[in-house]
There are 2 protein chains.
Amino acid sequence: MASRLIDGRHGAVGAWAKRCYFAGRAAMETMLRPFDVGSTQWYILHQLVQEGPTMQRELVHLLQIERATLSVIAGALVRKGLIEQVTDDKDQRRKLLRATPAGTELWRQLPDLSTVINEAAFAGISDADKEAAVRVLRLATERLNAFSDQGNSK
Amino acid sequence: MASRLIDGRHGAVGAWAKRCYFAGRAAMETMLRPFDVGSTQWYILHQLVQEGPTMQRELVHLLQIERATLSVIAGALVRKGLIEQVTDDKDQRRKLLRATPAGTELWRQLPDLSTVINEAAFAGISDADKEAAVRVLRLATERLNAFSDQGNSK
DNA sequence: ACAAATATGTTAGATAGCTAGCAGATTGTC
DNA sequence: GACAATCTGCTAGCTATCTAACATATTTGT
């Protein structure tokens, strides 16, 4: 999905959405690289340290990713010893994720990404513009998802 | 880079940029799956069939991706026999990419993604909103890139 | 003319995402 | 109680992206 593809009559919204996403991710990863933590790994740590232990299936909804994707990323954090996966007693299918002491300790050393990067990106932009941007992106996303669903069922 | 991370005072623009990007890519891939072509592979074919043979280094700029990334994706297209890579005579570092007959033939069978998907996503949205969205996303992208550069040089 | 700097492409190894399909656990229905 | 349906997680295999490091080829500068 490249620049000119999405350019044209619709003003390149899609192309800029892509670039903005990758620029944001790159900014996060630049700050996280010294700690050997990826951007989505960061969010999982954030959730587990700030909000407490969380069911894996719950994280799927919070992160809005597929369970297969989460499974792999959680696996990476387990391998690094930063989180633990505990099978639920009542329902043996489910797994609870919780930060290990090492994970909690690492979290304390990490820079405060959530505010720093959002400030860097969006400070000073008018609320009206930001609201318009969200309106456009949200509507486009809903329509694109509907489009894919239709294509898949057909 | 997940939902709540980018939420907060700045209205979740970043989170919606991500979702919109993936929704658009998914819509493309839904239509392309029967043909065994990925979304970025589609753009390369588009360029080579519609605009003619193109230097690999030129495609890096058109697609705004790293040359390592392009190298891999072009490799996949070569493997499938859809494009050819020809070393330039004047400058043996450079390679020209061109569609093979098989690639041109496949292109003719592909659905017209560029208009269909853009219409599906953005039709009927006011120009003012789309312009605001581009303004926000472009500015945020520039700032985030500057942020990363600063972090890397430091 | 030679050495250093720059340009181009590739490979290796990582993150993040998806679908498809498997396996085990739980729930629902007859 | 048994069988089917659903839920949850995992693996395999794919795309797309990045950085780092390497190999060559070309250009620049002394």
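Because the structure is a prediction, the values reported are computed rather than measured. Letters go in sequence order (proteins before strands), and every chain restarts at 1. Just so you know, these numbers use all the heavy atoms, side chains as well, and skip hydrogens, waters and symmetry mates.
- Between B:His46 and B:Trp42, the two ring planes are parallel [angle under 30°; tilted spans 30° to 60°].
- Taking atom CG of residue A:Asp36 and atom C1' of nucleotide D:dT19, one finds them 13 Å apart after rounding to whole Å.
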task = Could you go through the side-chain hydrogen bond (donor to acceptor under 3.5 Å, both in side chains) check for A:Gln64 and B:Lys18 one step at a time?
result = CA-CA 11 Å; A:Gln64 300 236 137; B:Lys18 174 185 180 178; over 6 Å; no

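- Side-chain contact between B:Glu84 and B:Leu97 is absent, with no heavy-atom pair separated by less than 4.5 Å.
- Closest approach to the A:Arg94 side chain among D:dT17, D:dG9, C:dT19 is made by D:dG9 (side chain taken as heavy atoms from C-beta onward).
- D:dT15 atom C1' lies 12 Å from atom CD1 of B:Ile65, rounded to whole Å.
- Taking side-chain N and O atoms only, A:Gln41 has a distance below 4.0 Å to OP1 or OP2 of C:dT15.
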Verdict with reasoning, B:Asp112 to B:Thr115, per side-chain hydrogen bond (donor to acceptor under 3.5 Å, both in side chains) = CA-CA 6 Å; B:Asp112 171 32; B:Thr115 54; 2.3 Å; yes

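- The shortest distance between the side-chain N/O atoms of A:Lys80 and the OP1/OP2 oxygens of C:dT15 is below 4.0 Å.
- Here D:dT8 presents its P atom at 15 Å from CD of A:Gln92, a figure rounded to the nearest Å.
- Under 3.5 Å, the side chains of A:Thr87 and A:Gln92 contain no donor-acceptor pair of N or O atoms.
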Report all interatomic pairs (protein N or O, nucleotide N or O of nucleotides 10-13 of chain C) with separations under 3.5 Å.
{"from": "C:dT10", "atom 1": "OP1", "to": "B:Gln85", "atom 2": "NE2", "distance (Å)": "3.0"}
{"from": "C:dT10", "atom 1": "OP1", "to": "B:Lys95", "atom 2": "NZ", "distance (Å)": "3.0"}
{"from": "C:dT10", "atom 1": "OP2", "to": "B:Gln56", "atom 2": "NE2", "distance (Å)": "2.8"}
{"from": "C:dT10", "atom 1": "OP2", "to": "B:Ser71", "atom 2": "OG", "distance (Å)": "2.6"}
{"from": "C:dT10", "atom 1": "O5'", "to": "B:Ser71", "atom 2": "OG", "distance (Å)": "3.2"}

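- Both A:Asp89 and A:Ile73 lie close to DNA chain C; mapped to their nearest nucleotides by heavy-atom distance, the more 5′-ward contact belongs to A:Ile73.
- Between C:dT15 and A:Ser39, no contact under 4.0 Å exists linking OP1 or OP2 to a side-chain N or O.
- Applying side chain to side chain donor-acceptor pair (under 3.5 Å) to B:Gln56 and the options B:Arg94, B:Gln85, B:Arg93 leaves one that passes, B:Gln85.
- Checked for salt-bridge contact, A:Glu131 and A:Arg135 miss the test: no charged N lies under 4.0 Å from a carboxylate O.
- A sub-4.0 Å separation between OP1 or OP2 of C:dG17 and a side-chain N or O of A:Thr40 is present.
- Scanning atom types as modelled, one donor and one acceptor separated by under 3.5 angstrom connect the side chain of B:Arg25 and the base of D:dT15.
- By the 30° and 60° cut-offs, the orientation of the rings of B:Tyr21 relative to A:Tyr21 is parallel.
- Atom-to-atom, CZ of A:Arg19 to P of D:dC18 comes out at 12 Å; the value is rounded to the nearest Å.
- Between the side chain of A:Arg98 and the main chain of A:Pro53, no donor-acceptor pair closer than 3.5 Å is present.
- Going from atom CD of B:Gln64 over to atom P of D:dA16 covers 17 Å, rounded to whole Å.
- Taking atom CG of B:Leu96 as the reference point, atom P of C:dT8 lies 14 Å away to the nearest angstrom.
- Place A:Glu29 and B:Arg93 on DNA chain C by their nearest nucleotides, and B:Arg93 ends up nearer the 5' end.
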Under 3.5 Å between N/O atoms: give me all the protein pairs with nucleotides 3-5 of chain C, atom names plus distance.
none

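- Between the C1' atom of D:dT8 and the NZ atom of A:Lys90 lies a distance of 18 Å, rounded to the nearest Å.
- Atoms CH2 (B:Trp42) and C1' (D:dC14) sit 20 Å apart, rounded to a whole Å.
- A:Ile83 and A:Leu32 fall within a single hydrophobic cluster, where Ile, Leu, Val, Met, Phe, Trp and Tyr are joined by side-chain heavy atoms under 4.5 Å apart, directly or via other members.
- Taking every side-chain heavy atom of B:Tyr21 into account, D:dA16 is the closest of D:dA16, C:dG17, C:dT8.
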